[in-house]
2 protein chains.
Amino acid sequence: MFLHIMGATRDTMDFRILDLLQHNALLTADQLAAQLPLSASAIARRIRRLRESGAIAADVSILSDEVGPFLSAVVQVQMDRHALAAVEALLRRLTASPQVQLFLDVSGTFDLMLLVTVRDMDAFNAFADEMLASDPVVRRYETSFVKRRRKFSPALPLDLA
Amino acid sequence: MFLHIMGATRDTMDFRILDLLQHNALLTADQLAAQLPLSASAIARRIRRLRESGAIAADVSILSDEVGPFLSAVVQVQMDRHALAAVEALLRRLTASPQVQLFLDVSGTFDLMLLVTVRDMDAFNAFADEMLASDPVVRRYETSFVKRRRKFSPALPLDLA
DNA sequence: GTTGAAACTTAGTTTCC
DNA sequence: GGAAACTAAGTTTCAAC
């Protein structure tokens, strides 16, 4: 099977490589060649193309929680949809904020869902005051604090049947 | 400043390295040495120690949404806290599920918060039926579908002031 | 156009100071 | 920790398909 993505053609082998790399980006072409029916040099070529084409958007180190301590919260936000420029300014500030790990537009009662991670409750209050409470575009927001982080994995389910 | 984490001592330089790697895990020791007051060989040593000690829990490739299409949903779950073994079995199944990208215990009305990513609405219904609706431990759940993913970044705010 | 093997280059590791 | 020697991984070339 072949899929055309962003102008490039990807076959099953590309998806198998992507699926392995999204769990361990440091796998070498040799290690991948040991589990895939393709030579290391062909795999290395494909990996470079996948990174250059943007199919691999980034390669990142996931830090242990123990570099913390941290406090995380899920914040659901309801917006006033009036001043478009002000809305976009808020969206940009939230996206750019290093405290925001996850930022989604969602359906339902709330418009936005945020996962915010900060050092402690003081830092959370400072974040909420500065980013949300003081912004007229925010109608209201509700916070659920994270008691435990059981899983945080960016890996997408590629189900390579 | 020094912090003791998991038996190891980390200084400011370690945190500066961690902060750069959590945004780009493919930075070479040479590239890091260009922006940090430390030689490439010392940096390479530190990186290896950070990985071996578990301070860097994993290095992963983040795939572009365009390898999709995908459907994501935030699912909030309220639990019946009676049968402990059954609760733990559910938690294990959810953690192990490749469709679950984020899995949190939260405070408030709901007990669990999930970010679920699947191929399409049929796959979402199959997931919800199999994992949630059919489980007596789940009292109720509410789903918000993701209209847009604005940010999904595992990077922690290390604020190296 | 893609593969696989070999030459080449670059990055990581080890040794020594 | 830093520099140099060494090893390993990625890149390029090229012949073959």
Side-chain angles (χ1 to χ4, degrees), chain A residues 1-64 67 154-155 158 160-161, chain B residues 1-64 66-67 154-155 158 160:
Chain A
M1 225 270 258
F2 297 85
L3 282 176
H4 292 268
I5 297 147
M6 301 186 299
T9 303
R10 312 219 180 290
D11 61 12
T12 305
M13 186 60 66
D14 282 325
F15 284 107
R16 291 179 73 180
I17 293 169
L18 288 173
D19 197 32
L20 290 162
L21 291 181
Q22 74 174 342
H23 292 102
N24 183 1
L26 301 185
L27 287 170
T28 65
D30 271 317
Q31 289 172 309
L32 289 166
Q35 24 185 339
L36 296 174
L38 199 63
S39 71
S41 73
I43 288 171
R45 259 190 297 258
R46 281 166 178 263
I47 292 173
R48 188 162 35 72
R49 253 184 275 130
L50 291 168
R51 289 202 224 271
E52 284 170 357
S53 71
I56 295 176
D59 294 271
V60 303
S61 296
I62 310 264
L63 307 191
S64 162
V67 301
L158 296 187
L160 315 158
Chain B
M1 226 271 256
F2 297 86
L3 281 176
H4 293 269
I5 296 148
M6 302 187 297
T9 303
R10 313 218 181 289
D11 60 13
T12 305
M13 187 59 66
D14 282 324
F15 285 107
R16 291 180 72 180
I17 293 169
L18 288 172
D19 197 32
L20 291 162
L21 291 180
Q22 72 173 343
H23 292 101
N24 182 2
L26 301 185
L27 287 169
T28 66
D30 270 319
Q31 290 172 309
L32 289 166
Q35 24 186 338
L36 297 173
L38 199 63
S39 72
S41 74
I43 288 172
R45 260 192 295 259
R46 280 166 178 264
I47 292 173
R48 188 160 37 72
R49 257 186 269 131
L50 291 168
R51 289 201 225 270
E52 284 171 358
S53 72
I56 295 175
D59 293 271
V60 303
S61 295
I62 310 263
L63 307 190
S64 162
E66 312 183 28
V67 301
L158 296 187
L160 314 158

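All chains are named by letter (A, B, ...) in the order of the sequence lines, taking the proteins before the strands, and each is independently numbered beginning at 1.
- Base contact: A44(B) has a heavy atom under 4.0 Å from a base atom.
- Note: CD1 (I56(A)) to P (dG10(D)) measures 12 Å, nearest angstrom.
- When the nucleotides dG12(C), dT14(C), dT2(C) are ranked by their closest atom to the side chain of S41(B), dT14(C) comes out on top.
- Among the heavy atoms of the strands, none lies under 4.0 Å from R51(A).
- For the pair R16(A) and P37(A), the minimum side-chain heavy-atom distance is below 4.5 Å.
- Regarding R49(A), its CZ atom lies at a distance of 7 Å from the P atom of dT3(C), rounded to whole Å.
- For the pair Q31(B) CD and dG10(D) P, the computed distance is 15 Å after rounding to whole Å.
- Between L38(B) and D30(A), the residue anchored closer to the 5' end of DNA chain D is L38(B), taking for each the nucleotide with the nearest heavy atom.
- As judged by a 4.0 angstrom heavy-atom cut-off over every strand, I47(A) is placed among residues making no nucleic acid contact.
- In this structure, the CE atom of M13(A) is 8 Å from the P atom of dT3(C), given to the nearest Å.
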Exercise for review: Decide salt bridge (Lys or Arg N to Asp or Glu O under 4.0 Å) for R51(B) and D59(B); before the verdict, give the C-alpha distance in whole Å, the side-chain angles of both, and the deciding distance to 0.1 Å.
Suggested key: CA-CA 9 Å; R51(B) 289 201 225 270; D59(B) 293 271; 2.7 Å; yes

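- Nearest to the side chain of A42(B), among dG4(C), dG2(D), dA11(C), sits dG2(D).
- The line from CG of N24(B) to CG of L32(B) is 8.5 Å long, rounded to the nearest 0.5 Å.
- The side chain of T28(B) lies closest to dG12(C), out of dG12(C), dT11(D), dA5(C).
- Two residues are said to be in side-chain contact when any heavy atoms from C-beta on lie closer than 4.5 Å; L63(B) and I56(A) meet this criterion.
- Looking at heavy atoms from C-beta onward, R49(A) lies out of side-chain contact with D14(A) at the 4.5 angstrom threshold.
- Counting to the nearest Å, the P atom of dT11(D) and the CZ atom of R46(A) are 15 Å from each other.
- To the nearest angstrom, P of dA3(D) lies 12 Å from CD1 of I43(B).
- As a whole-Å value, the separation of I17(A) CD1 from dT2(C) C1' is 13 Å.
- Taking atom CG on L32(B) and atom P on dG1(D), their separation rounds to 14 Å, with Å as the unit.
- With distances taken from any side-chain atom of R45(A) to the nucleotides dG12(C), dA5(C), dT13(C), the minimum falls on dA5(C).
- When the side-chain nitrogen and oxygen atoms of R48(A) are compared with OP1 and OP2 of dG10(D), none of them lie within a distance under 4.0 Å.
- Nucleic acid contact for A40(B): none, since no nucleic acid atom lies under 4.0 Å from a heavy atom of the residue.
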